[in-house]
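Below: one structure, written as structure tokens.
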Amino acid sequence: MKGKMKVAVMTGARKMEWTEKDIPQPKKGELQIKLEYVGVCGSDLHFYQDGRLGNWVPDGPLVLGHEPGGEVIEVGEGVTGFKVGDKVAIEPGVPCGQCEYCKRGLYNLCDHMSFMAIPKERDGVFSDYCVHPANMCYKLPDNVSTLEGALIEPLSVGFHAVTTSGARVGQTAFVLGSGCIGLVTLMVLKACGVSTVYVADVLDKRLAKAKEVGAARTFRSDKEDIVAFAKSLSGGGVDHVFETAGNTVTTLLTAKLIKKGGSVTLVGMAPSPEITYDIGSLMDKEAKLNTVFRYRNLYPTAIAAVAGGSIPLKSIVSHEYAFKDVISGVAYNVDNKQDVIKAVIKF
Ligand SMILES: [Zn+2]
Ligand SMILES: [Zn+2]
């Protein structure tokens with residue numbers, strides 16, 4: 001496909017505008033894709049709200065959106081395994097394949113990563129079309145929609161967190177935060193047979209959703225004492241805690257919620273990189289502290305899990321905006337956090 005396409009570009013804090021660009025053409029090894037759904041991620045909202053995300057500061061216009069699902073409309077030279085009309089999930093990060101970390105299989109930590117909607121890396125996909133290396137695209141089976149394809153990105157974050165924790169069948173867990181990442185973490189834990197998962201947040205609508213998708217009990221962490229509750233459990237805590245809110249207060253609680261030999265996995269990034277953490281409680285319990293950065297080698301597994309029916313992924317979507325309304329949609333998300341659990345853009 002050749003011609004012009006519409007692109008929504010962020011030009012500063014709370015500034016997004018429409019522009020027209022040439023439809024990008026697939027080079028060797030690439031697919032040209034018509035976007036069908038793109039999820040709106042917390043990081044998109046941070047960029048929009050503050051004009052930056054932590055140390056990532058755009059030095060010019062930046063196209064947001066990195067959770068894409070779409071249809072292949074042209075296949076670049078040398079690509080095998082894809083044809084026009086295939087529905088795909090697109091993994092937004094393109095690693096170099098050459099550096100030490102790529103060669104060790106840790107490509108999420110690539111020294112030369114080119115990730116969508118990250119300044120100086122690559123533009124995101126709040127645009128009608130995109131091109132992407134075929135080896136970072138994954139064909140969706142017939143029973144997985146491109147809406148679910150878009151949500152494979154956050155689901156992979158949940159998969160990576162749960163895999164890293166070592167959580168297994170019959171254990172217990174606490175998930176702090178029930179936004180998109182908290183909910184997908186909960187879903188993966190349940191799918192892995194973790195029998196009892198508790199979820200805490202400060203927003204009722206999100207907690208109701210957590211209950212709906214399998215939380216044994218939910219807590220308003222601003223009103224209820226979750227540390228006292230955890231202490232009352234057998235062994236004085238849960239096996240695994242996942243911090244997904246990126247909140248300093250909940251990060252500090254993590255070591256107090258686990259039982260001896262348990263694990264803490266930090267998934268959300270706290271706004272301040274340095275915090276005073278209770279290492280003593282961790283050591284007394286001989287507990288593990290894990291951190292995760294995005295995900296790696298997980299798209300096929302995540303897609304297979306959704307296709308197999310063990311993850312009710314679609315149910316986290318609370319809002320759907322047409323692409324023409326993406327600018328007001330993103331603004332609504334930022335201003336109505338209590339109402340929006342997960343929004344997607346439909347093309
Ligand atoms: Zn995301
Ligand atoms: Zn690399």
Side-chain angles (χ1 to χ4, degrees), residues 10 29 35 37-50 52-54 56 62-70 89-126 130 132-133 135-136 138 146-161 177-185 187-188 206 242 244-246 266-269 292-299 302-303 306 313-314 316-319 321 326 329-330 333-334 337 340-345:
M10 184 191 73
L35 276 318
Y37 285 95
V38 175
V40 178
C41 178
S43 65
D44 295 317
L45 302 178
H46 279 294
F47 270 122
Y48 175 79
Q49 192 172 353
D50 308 324
R52 62 183 290 164
L53 176 65
W56 282 308
L62 179 69
V63 181
L64 300 176
H66 64 259
E67 300 179 356
I90 306 174
E91 185 167 347
V94 180
C96 77
Q98 308 295 323
C99 71
E100 175 184 339
Y101 299 102
C102 283
K103 291 199 157 178
R104 282 165 58 189
L106 309 174
Y107 70 78
N108 57 320
L109 307 176
C110 173
D111 281 333
H112 312 285
M113 181 58 102
S114 173
F115 201 93
M116 284 181 186
I118 295 294
K120 299 185 187 70
E121 296 191 17
R122 62 174 56 207
D123 267 333
V125 282
F126 286 164
C130 72
H132 206 69
N135 66 2
M136 283 294 165
Y138 302 85
T146 48
L147 166 62
E148 292 163 310
L151 299 173
I152 294 297
E153 204 276 340
L155 178 60
S156 297
V157 177
F159 255 100
H160 187 40
S178 58
C180 176
I181 297 299
L183 291 169
V184 292
T185 302
M187 287 179 189
V188 177
R206 293 179 178 196
F242 298 85
T244 72
L266 302 180
V267 190
M269 215 175 276
V292 288
F293 183 68
R294 295 177 181 151
Y295 46 80
R296 57 177 171 260
N297 305 310
L298 278 167
Y299 260 60
I303 292 168
V306 174
L313 189 55
K314 276 188 299 226
I316 63 171
V317 176
S318 61
H319 290 70
Y321 309 116
V326 61
V330 167
N333 273 32
V334 166
K337 293 200 174 84
V340 185
I341 297 170
K342 178 71 177 178
V344 293
I345 307 299

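None of the values given here were measured: they were computed from a predicted structure. Atoms within a ligand are numbered from 1 in the order they appear, just like the ligands themselves. All values below were derived from every heavy atom in this structure, side-chain atoms included, with hydrogens, water molecules and symmetry-related copies excluded.
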query = Do any N/O/S atoms of D44 come under 2.8 Å of the Zn ion (ligand 1)?
reply = no

key: Metal site the Zn ion (ligand 1): N/O/S of C41 inside 2.8 Å   = yes

request  = State whether the side chain of R52 and the backbone N or O of H46 hold a donor-acceptor pair below 3.5 Å, judged by distance alone.
outcome  = no

query = Checking T244 side chain against G177 main chain: does a donor-acceptor pair fall under 3.5 Å?
reply = yes

message = Distance check, rounded to the nearest 0.5 Å: N333 atom CG versus S318 atom OG?
response = 7.5 Å

query = Taking the six-membered ring of Y101 as reference, does the NZ or CZ atom of R296 fall below 6.0 Å from its centre and within a 45° cone about the axis?
reply = no

query = Which atom, among the N/O/S set of E67, is closest to the Zn ion (ligand 1)?
reply = OE2

inquiry  = To make sure I understand the geometry: which N, O or S atom in H66 is closest to the Zn ion (ligand 1)?
reply    = NE2

inquiry  = For the metal site, I want the angle between atom SG of C99 and atom SG of C96 with the Zn ion (ligand 2) at the apex, to 10°.
reply    = 110°

query = About how large, to 10 degrees, is the angle SG of C110, then the Zn ion (ligand 2), then SG of C102?
reply = 100°

key: No-hydrogen, no-angle side-chain donor-acceptor test under 3.5 Å, Y295 and E153   = yes

